[in-house]
Amino acid sequence: MKNKEVAEIFRKTAELLEIKGDNPFRIRAYERAAQTIESLTKDIEELAKEGRLENLPGIGADLAGKIKEILKTGTLSLYENLKKEIPPVLLNFLEIPSLGPKKVKAIYEKYGIISLDELEKACLQHKIAKLPGFGLKTEENILKGIKLIKEKTGRRPLGEVLPLAEEVIALIKSRAPLLQIEVAGSIRRRKETVKDIDVLITSTHPLEVMKVVSSLPLVEEVLAFGETKTSVRLKMGMQMDVRVVEPSAWGSALAYFTGSKAHNIRIRELALERGLKINEYGVFRGEERIAGKTEEEVYAILGLPFIPPELREDRGEIEAALQGRLPQLVNYEDIQGDGHVHSKYSDGMASLEEIMAKAEAMGLSWVAVCDHSQGLKVAGGVPVEDLFKKKKRIEELNARSKKVKLVFGAEVDILSDGTLDYPDEVLKEIDFVIAAIHTGFQQTEKQITQRIVSALKHPLVHALSHPTGRVIGEREPYAVNMEEVMKTAKEHGKALEINCYYKRLDLNDIHVKACVEMGIPLIIGTDAHIVDQMEYLRLGVSVARRGWCEKKDLLNTFTYDKFMEWLRGLRK
DNA sequence: GCCGTTTTCGGCCCGACTGTTTTCAGTCG
């Protein structure tokens, strides 16, 4: 957890420096450091102890010292001093579209405004328009922005936005004179949350395309209109940015609009080193355009293999590509099974037969049906006698079914003292035991870590479900020392789950990468409570890919027989 | 504030659109 805190201080420091009007490159250094630290798969405190901070990209002697200061004192004197100079509440103003650091500074210096309400009032009294560089339009935009913030339209879970984006794309495709269309940005990178929908189009009639886009029934408001770039706000509250380029620039534009920003900057620096220039229109040597039609072509001209969008976060993918050691990422087609669904036996809505049918429709060959254990009454925990009925029923169904097999599993509660919610003589009858915490979230880090560690050490447990307990936008992870959890998993050969219910995605990408580096087996589980939620499997694959997962790292790529063998092998 | 097979000082990614301006700064991605 420390990494996130250090990164947060650097990020806020960068923002305050921006408002102050400091050297932009110094600001970028803090931003870059924040991103680097956030993406680390190792504990920053460990790196500090080993004296390896300065090996991190973008961290020099000064920032290393500042990291140590944060680790030692819990804060940064530079940050504290900046906060005295510039009220940190002004950082909220940066969230308002059309307000950047310069304008925020001007408002603060002229009027001393430090709250959204004061700002709103000043706009209504037309005091803001009087400032140099401001006008009535700016005032209007600020008022709109404040309203949006009050309605809280922040980042949304990928699983919520992805279907929406696909719907909008299909709609544009059916109405506009275009050649190619694809979603770009963080959605294409499959980031766990997204702020807006980026769409790239090639067409020889850009103006007509943009007219179609801005008049879609889903559009609430046109924010900016141009032939190459148009931004709209959709009725569901999200912004959509649409870019149209010529077909010959498809690859360079797609690479550029897919990002991430940090990845793009590195790629452009790499181009400069080779005497080239990259923008969304192509790769140029001097005036001459030498590539741009496909992404492969753009990467190739820099001497790089194609880098999958999920890796484009400047988390070492460029170095790996340069050295020819990019991972062979797992594909959705490699997935044979879902490691975690619920049935009517606990709080799921589906019968075993329905689960089988859905699995068959999805082309899966096995599904682990892991219902809650007896103590979890609120979630219909399965009493022991029903457990054996379920086992018998699964055996009957498996005997009849050729294409899909069910795995008799249980999501067994880890009780507050670290013991499990079924006795050992019951656990040993369950083919797949995935342990999980559902209560006692408020325990200390030491207690929760200890609970999980002792469950993982239990010889009848195979895996740990939703290891950090976070729920995106709703609940922070519980206090748990993941290094310790991973170490234990590694030591005992146990698997950690990538729970891919769209609000969980737990483990996240960074944890997954750490597991891959350590050689810990991973298993994707949809945690589906209705059969349609099994479709979230693709989100799980996205997280796995973002975590550099290869086929061998995921138990879901095993055949049914091989998975069963793995389960039995652990208990020998 | 970082970084270096052109450099330890002087660079640091690139372009579109808006709103405020009579040529461009600021914002955004």
Side-chain angles (χ1 to χ4, degrees), chain A residues 10 13-14 17-19 21-36 53-67 76 78 93-107 128-142 144-145 184-189 194-200 206 210 214 222-232 239-245 249 252-253 255-284 302 314:
Chain A
F10 278 174
T13 301
L17 286 171
E18 255 197 307
I19 295 177
D22 210 282
N23 174 0
F25 300 107
R26 185 182 181 213
I27 293 165
R28 207 181 109 189
Y30 279 96
E31 279 168 355
R32 174 130 196 261
Q35 130 118 20
T36 301
L53 289 176
E54 286 185 53
N55 296 350
L56 298 172
I59 308 276
D62 183 273
L63 285 178
K66 290 198 164 85
I67 293 170
L76 182 65
L78 169 68
F93 290 5
L94 293 176
E95 306 285 318
I96 299 172
S98 78
L99 280 192
K102 298 285 193 311
K103 287 207 160 91
V104 168
K105 188 184 185 205
I107 293 170
I128 300 298
K130 292 197 186 94
L131 290 168
F134 288 71
L136 286 173
K137 200 79 192 199
T138 311
E139 233 166 26
E140 222 174 89
N141 284 336
I142 293 174
K144 272 189 210 160
S186 51
I187 298 181
R188 183 159 180 253
R189 301 200 312 279
V194 295
K195 193 161 65 76
D196 50 24
I197 301 173
D198 294 298
V199 178
L200 180 68
M210 290 312 198
S214 51
V222 179
L223 302 170
F225 185 92
E227 263 191 46
T228 56
K229 180 180 174 179
T230 289
S231 294
V232 298
Q239 183 169 327
M240 176 168 76
D241 297 323
V242 179
R243 303 283 303 237
V244 179
V245 297
S252 46
Y256 178 51
F257 296 120
T258 297
S260 65
K261 190 174 169 180
H263 177 87
N264 283 350
I265 289 176
R266 292 293 311 282
I267 289 292
R268 289 180 176 195
E269 285 170 350
L270 215 58
L272 280 180
E273 284 170 25
R274 289 156 170 70
L276 305 170
K277 188 182 81 163
I278 295 192
N279 59 27
E280 51 265 59
Y281 303 108
V283 183
F284 298 86
L302 297 176
D314 191 18

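The structure presented is a predicted model; accordingly, all values stated were derived computationally and were not measured. Every chain is numbered from 1 and lettered A, B, ... according to where its sequence line falls, protein lines coming before strand lines.
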| query | Would you say the side chain of A:Ile142 lies within less than 4.5 Å of the side chain of A:Phe93, judging by non-hydrogen atoms? | reply | no

| message | For a 4.5 angstrom cut-off between non-hydrogen side-chain atoms, does A:Arg28 reach A:Glu31? | response | yes

| note | Testing B:dG29, B:dC13, B:dG1 for proximity to the side chain of A:Asp196, the answer is B:dG29

| said: Strictly below 4.0 Å: does A:Lys229 bring a side-chain N or O up to OP1 or OP2 of B:dC28? | reply: no

| Whole-Å distance separating the CG atom of A:Asp198 from the P atom of B:dG29 | 9 Å

| said: For a quick test of reading the model: is some side-chain N or O of A:Asn279 closer than 4.0 Å to OP1 or OP2 of B:dG15? | reply: yes

| query | Rounded to the Å, how far apart are A:Lys261 NZ and B:dG15 P? | reply | 15 Å

| said: Tell me whether the side-chain N/O atoms of A:Lys195 come closer than 4.0 Å to OP1 or OP2 in B:dG29. | reply: yes

| query | In whole angstroms, how far is the P atom of B:dC17 from the CE atom of A:Met210? | reply | 8 Å

| query | Looking at B:dG29, does its base get a donor-acceptor pair with the side chain of A:Tyr256 below 3.5 Å? | reply | yes

| If each of A:Leu78 and A:Lys102 is mapped to the nucleotide of DNA chain B with the nearest heavy atom, which maps nearer the 5' terminus, i.e. the 5' end? | A:Leu78

| said: Taking only side-chain N and O atoms of A:Arg28, does any of them lie within less than 4.0 angstrom of OP1 or OP2 on B:dC13? | reply: yes

| Spacing of A:Leu270 atom CG relative to B:dC12 atom C1', expressed in whole Å | 15 Å

| note | To the nearest angstrom, the NZ-C1' distance between A:Lys66 and B:dG1 comes to 8 Å

| task | Measure from CE on A:Met240 to P on B:dG29 and round the result to the nearest Å. | result | 15 Å

| said: Checking contacts here: which listed nucleotide (B:dG29, B:dC13, B:dA16) is nearest the side-chain heavy atoms of A:Asp241? | reply: B:dG29

| message | Need one value for A:Pro101: base, sugar-phosphate or nothing, where a base atom within 4.0 Å counts as base even if backbone is also close, heavy atoms only. | response | sugar-phosphate

| query | Ignoring hydrogens and angles, does a donor from either the side chain of A:Asn23 or the base of B:dG1 sit under 3.5 Å from an acceptor on the other? | reply | yes

| message | Side-chain N or O of A:Lys277 versus OP1/OP2 of B:dG15: is the shortest distance under 4.0 Å? | response | yes

| query | Would a 4.5 Å heavy-atom cut-off, applied to side chains only, mark A:Tyr256 and A:Ile267 as touching? | reply | no

| message | Categorize A:Arg243 for me: base, sugar-phosphate, or nothing, with a 4.0 angstrom heavy-atom threshold over every strand shown. | response | sugar-phosphate

| said: Both distances below 3.5 Å, Watson-Crick or wobble geometry, any strand: find the nucleotide opposite B:dT8. | reply: none

| query | In whole angstroms, how far is the P atom of B:dC28 from the CD1 atom of A:Ile27? | reply | 15 Å

| field | Separation of B:dG11 P from A:Arg26 CZ (nearest whole Å) | value | 20 Å

| query | Salt bridge or not for A:Asp314 and A:Arg32, using N-O below 4.0 Å? | reply | yes

| Closest nucleotide of DNA chain B for A:Ala29 versus for A:Glu139: which of these residues is on the 5' side? | A:Ala29

| cation_pi(A:Lys66, A:Phe10) dist<6.0 Å, angle<=45 | no

| task | State which of B:dG26, B:dG29, B:dC13 makes the closest approach to the side chain of A:Gln239. | result | B:dG29

| A:Asn141 side chain N/O closer than 4.0 Å to the phosphate oxygens (OP1, OP2) of B:dG19? | yes

| query | Are the side chains of A:Leu94 and A:Pro101 in touch, meaning some heavy atoms are under 4.5 Å apart? | reply | yes

| request: Tell me which nucleotide among B:dA16, B:dG1, B:dT27 gets nearest to the side chain of A:Asp62. | output: B:dG1

| request: Tell me whether the OP1 or OP2 atom of B:dC28 has a side-chain N or O from A:Ser231 closer than 4.0 Å. | output: no

| said: What's the closest nucleotide to the side chain of A:Tyr281 if the choices are B:dA16, B:dC13, B:dG1? | reply: B:dA16

| query | Across the strands shown, which category fits A:Ile96 at heavy-atom distances under 4.0 angstrom: base, sugar-phosphate, nothing? | reply | sugar-phosphate

| task | Please state whether the phosphate of B:dT20, meaning OP1 or OP2, lies under 4.0 angstrom from any side-chain nitrogen or oxygen of A:Thr138. | result | yes

| query | Tell me, do A:Val245 and A:Leu200 make a side-chain contact under 4.5 Å, heavy atoms counted? | reply | yes

